[in-house]
Amino acid sequence: MRGAAGDPAPALTPEQARERILAVIRAIPVGQVMGYGQVAARAGLPGRARLTARVLGINEDPELPWHRVLRADGRIAMPEGSTGWREQSRRLRAEGVAVERGRVRMQAVDPSASLDAALWGPG
């Protein structure tokens, strides 16, 4: 049930928040990237970039395109030269993303239109 107009939406359970974040990450198109904060905002959790990072940190789904999520400035979040840093760079380059010194030029335009369509359908 929904509350009266103006009432805050009911809080999400941790599992609901996790599933929303994972859905957004799964919907990032090949060859595109998003920042942790962008993922959180698109999941309806503005200001929760660290939650996005935590969800990715405990991910066990090998099919999740985790490599498409970067810091807000386009940098890979793992220590430079680490195994994870090299793997993320490799995966992004394999998708045609230009990675220079561990950084990707983030899109100036919000990719929300195509992402909304991928997540929620036309509409």
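- Taking CZ from R86 and CD from E80, the interatomic distance works out to 11.0 Å, rounded to the nearest 0.5 Å.
- With P65 as the fixed residue, the side chain to side chain contact (heavy atoms under 4.5 Å, CB included) test singles out one of I28, V33, V30, I25: I25.
- The residue from R93, E87, E95, Q88 that alone fulfils the side chain to side chain contact (heavy atoms under 4.5 Å, CB included) condition with R91 is E87.
- The pair R71-D73 does not meet the salt-bridge criterion, since no charged nitrogen lies less than 4.0 angstrom from a carboxylate oxygen.
- A salt bridge between R103 and E100 is absent, with no side-chain N of the basic residue lying under 4.0 Å from a carboxylate O of the acidic one.
- Here the shortest heavy-atom pairing between S89 and V99 reads OG-CG1, 3.9 Å.
- Between L56 atom CG and R18 atom CZ the span is 10.5 Å, to the nearest 0.5 Å.
- For the atom pair CZ (R54) and CD1 (I21), the distance works out to 9.0 Å, reported to the nearest 0.5 Å.
- In plain terms, the two heavy atoms of A40 and A49 that are nearest each other are CB-N, 4.0 Å.
- Applying the salt bridge (Lys or Arg N to Asp or Glu O under 4.0 Å) test to every pair with at least one member in residues 22-35, sequence neighbours left out, gives these pairs: R26-D61.
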### Task
Just do the side chain to side chain contact (heavy atoms under 4.5 Å, CB included) check on M34 and V24 with the steps written out, would you?
CA-CA 10 Å; M34 291 183 79; V24 171; 4.3 Å; yes

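- Residues M78 and W66 share a closest heavy-atom pair of CE-CZ3, 3.4 Å.
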